[in-house]
Amino acid sequence: MNKKKEKQKNTFEKIYEVIKTMASKPSGLIGLTILIFHVILAITSPLYVPYDYKAIDPTLMLTPPSSEFWFGTDSLGRDVFTRTILGGRTALTVTFFGSLIALLWGGSLGIFCGLVGGKIDDVVMRVIDAFLSIPWILAMLLIVSLLGTTTLVLIPALGFFYGKGIVRVARAATHDVIAKDFIVSARARGHSNMSIIWNEILPNVRDAIMVEGAMRWSWMLLGFSSLSFLGFGVSPPTPDWGLMISNARGLMSFAYWAVLAPIFGLSSLIIGINLTADAFAKALGIDRSTKAPV
Amino acid sequence: MFFLVIKRILLGLITLFIVSLITFAGVEVLPGDACTTYLERQAFGEALEACYQRLGLNVPAYERYISWAWGVLQWDFGYSLSGEMKINEVLGPKVKNSLVLASASILIGIPIALLLGIVTALWRDRLPDIIISTVTIFSMTIPEFISATLLILIVAIWLEWLPGIVIVPTGATISELLPNIILPVIAISMIMTAHMARMVRSSVIQVMASDYVQMAILKGVPYWKMVFRHVLPNALLPAINVVALTIAWLLGGVVVTEVVFNYPGLGRLVIESISNRDLPVVQALAIILASIYVGINLIADLTTLMLNPRLKSLQIKK
């Protein structure tokens with residue numbers, strides 16, 4: 001009991017240490033600030049939005065920004081400020097849970113493949129390679145257009161599709177530790193496979209997998225918003241940045257505000273997640289600039 | 001060496017084979033088929049039978065797969081559902097247009113990326129590096145459709161320098177395309193260039209810290225001679241593979257950018273065929289895009305093999 005408490009305390013201390021290292025550099029601090037700001041905004045924004053996000057008013061079409069409508073109104077007379085601060089909620093929820101799914105299935109399959117090796121490993125890696133060579137946009141569009149665009153489809157679909165890259169990373173990380181002495185001695189002590197995975201391998205590959213998951217998060221957000229931009233993501237009138245940009249794009253020669261506000265929201269969130277992931281990787285001592293976006 | 005090359009090519013072919021199986025099976029297990037989509041509400045009785053007969057859907061799946069795959073090998077993808085056109089006739093000009101766009105972006109992007117990467121690595125943590133690295137982080141993380149929309153807003157609408165929308169027919173010649181593709185090319189190459197520049201940077205920094213470069217410095221080799229003779233050849237080699245992966249990833253970006261600029265390439269075909277549930281076209285597109293991906297990676301692998309003497313000798317020893 002006492003030991004377990006001590007272990008828990010160590011985990012919290014480690015998390016605190018990592019966050020402290022991340023915040024010690026300006027880029028990491030900026031990233032964390034933006035990300036935390038967006039998360040707080042997403043959680044609390046329904047409490048203080050000034051207008052109803054789906055209230056259509058033909059008399060207020062394309063009003064320029066004013067003290068009444070801070071970011072103006074869109075082509076249906078809806079308040080752009082309201083829709084912009086609500087616009088990150090779906091994106092954040094879908095991509096966060098999507099990354100968790102990607103992390104879980106990619107990580108466990110990767111560790112499994114690295115551990116068993118042999119024929120099974122060969123076959124799985126071939127199939128993963130094949131999936132990697134289908135462009136993400138084609139696969140995602142196909143899944144979404146055939147199964148629908150509800151959150152319940154989008155989360156597992158994105159999670160599945162962005163998890164295949166994690167399989168490779170987890171497998172490589174497992175390969176690195178598997179020949180080490182402590183694994184061999186754990187085997188010699190007669191530990192079961194599960195116990196070796198849980199106590200010996202996982203603590204050593206966890207960092208690499210988590211950094212990979214953080215990276216996937218920003219790419220998944222990019223993929224998700226591209227889908228909604230193309231009209232295959234969340235369905236209107238749900239406020240979503242990608243959808244807002246795509247709707248306001250045709251009229252941007254006279255109503256630039258309706259397109260700039262969601263662009264600012266989405267770009268700042270993506271940059272925030274990216275800087276955070278970068279700082280996270282550096283704090284754990286992993287160089288992510290040598291990785292290609294697959 | 002020879003066996004290694006053959007092995008890589010075989011692995012690529014196996015990957016493509018699995019891709020074709022996945023796409024074929026994926027379309028097969030989903031509810032509905034070409035005939036029910038095409039006939040919509042009249043999909044019953046004799047009309048359905050006749051349609052199955054005509055499209056040859058009344059034979060078992062594995063036979064259809066074999067005849068489809070055989071056709072694909074001969075650049076024959078069968079008929080599309082909308083308009084019942086031969087797919088390869090629809091695809092031809094669009095593939096060409098997309099290739100023009102992609103190769104222009106690559107030709108512009110790679111030299112700039114090399115230059116930026118080398119500059120940032122050599123002036124590491126000093127002013128040029130800080131400025132360029134910040135800019136690359138921005139241009140790398142912002143999605144294509146946002147940078148494309150901003151480019152149209154600023155360059156085409158506010159400054160009125162260039163056309164914001166591509167208005168050329170699908171069969172346009174390259175010279176007709178050229179003035180129209182400036183903005184799309186900038187939008188596509190921004191992300192790619194930034195990614196590559198970062199990889200080149202970290203690769204150069206790694207080599208600069210290696211023993212043989214330290215040795216060259218101690219021997220008194222002039223700085224620029226050291227950079228060009230000792231650092232760059234060793235630093236750029238590992239970057240080739242990663243660059244290939246970036247180019248392959250670009251395929252998705254090309255699709256989105258083409259939609260934003262209304263460019264008559266594969267991207268719009270992807271969206272149209274998926275909205276219309278034109279599954280034969282989707283299958284054809286999947287196999288073509290996957291072949292491009294596998295091809296680029298194969299070329300990168302082989303180039304690395306050719307250029308890296310260490311890998312050659314390793315293979316001979318085995």
Side-chain angles (χ1 to χ4, degrees), chain A residues 27 31 123 126-147 218-219 221-223 225-227 229-232 241-242 245-246 248-249 252-254 256 259-260 262-264 266-267 269-275 278 287-294, chain B residues 11 14-19 21-23 26-27 30-31 134 137-138 140-146 149-150 152-153 157-158 191 195 198-199 201-203 206 238-239 241-246 248-249 251-253 255-256 259-260 267 270-271 274-275 277 282 285-286 289-291 293-294 297:
Chain A
S27 64
V123 172
R126 278 299 107 214
V127 175
I128 294 287
D129 273 353
F131 269 112
L132 278 172
S133 58
I134 304 175
W136 61 270
I137 192 134
L138 191 68
M140 283 307 303
L141 285 176
L142 195 61
I143 296 176
V144 164
S145 69
L146 289 161
L147 298 178
S218 72
W219 292 333
L221 185 64
L222 210 149
S225 47
S226 303
L227 275 185
F229 176 78
L230 295 173
F232 291 90
W241 291 324
I245 295 171
S246 128
R249 199 167 61 91
M252 68 184 169
S253 45
F254 12 86
Y256 58 89
V259 75
L260 282 185
I263 282 184
F264 179 74
L266 182 53
S267 318
L269 177 57
I270 291 190
I271 288 170
I273 292 182
N274 241 291
L275 290 177
D278 248 353
D287 182 12
R288 66 167 278 208
S289 58
T290 52
K291 295 249 166 59
V294 267
Chain B
L11 279 181
I14 293 175
T15 310
L16 279 183
F17 172 66
I18 301 176
V19 169
L21 278 182
I22 293 173
T23 42
V27 169
L30 292 167
T134 317
I137 285 187
F138 275 89
M140 186 176 77
T141 44
I142 292 174
E144 296 91 351
F145 69 90
I146 286 191
T149 310
L150 280 178
I152 295 180
L153 183 65
I157 294 179
W158 285 348
I191 291 195
H195 264 293
R198 264 168 72 98
M199 289 169 226
R201 175 178 182 267
S202 74
S203 184
Q206 263 174 22
N241 270 308
V242 198
V243 166
L245 284 176
T246 314
W249 187 65
L251 293 172
V255 171
V256 181
V259 173
V260 178
V270 168
I271 306 292
I274 286 177
S275 312
R277 298 207 176 187
V282 173
L285 285 168
L289 292 175
S291 320
Y293 178 95
V294 171
N297 275 303

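Here is the naming used below: chain letters follow the sequence lines, and residue numbers restart at 1 for every chain.
For A:Leu221, no part sits under 4.5 Å from any heavy atom of chain B, backbone or side chain. At a 4.5 Å heavy-atom cutoff, the contact between B:Val255 and chain A is made by side-chain atoms alone. Residue A:Arg126 touches chain B through both its backbone and its side chain, counting heavy-atom pairs closer than 4.5 Å. Heavy atoms of B:Ile22 lying under 4.5 Å from chain A belong exclusively to its side chain. Contact annotation for A:Ser225: both backbone and side-chain heavy atoms come within less than 4.5 Å of a heavy atom of chain B.
Of the listed residues B:Val259, B:Ile271, B:Val270, the one with more heavy-atom pairs under 4.5 angstrom with chain A than any other is B:Ile271. When the candidates B:Leu150, B:Thr134, B:Leu285 are compared by the number of heavy-atom contacts under 4.5 Å with chain A, B:Leu150 comes out ahead.
At distances below 3.5 Å, at least one donor-acceptor pair connects side-chain atoms of A:Ser267 with backbone N or O atoms of A:Ile263.
Rounded to the nearest 0.5 angstrom, A:Leu222 CG and A:Phe229 CZ are separated by 12.5 Å.
By the side chain to side chain contact (heavy atoms under 4.5 Å, CB included) test, B:Leu21 is found to be paired with B:Phe17, B:Tyr65, residues two or more places apart in sequence or in another chain being considered. For B:Leu16, the side chain to side chain contact (heavy atoms under 4.5 Å, CB included) partners at least two apart in sequence or on another chain are B:Ala290, B:Ser291, B:Val294.
A 4.5 Å side-chain heavy-atom check between B:Glu144 and B:Val260 finds every atom pair outside the cut-off.
The nearest pair of heavy atoms linking A:Gly31 to A:Leu275 is CA-CB, 3.7 Å.
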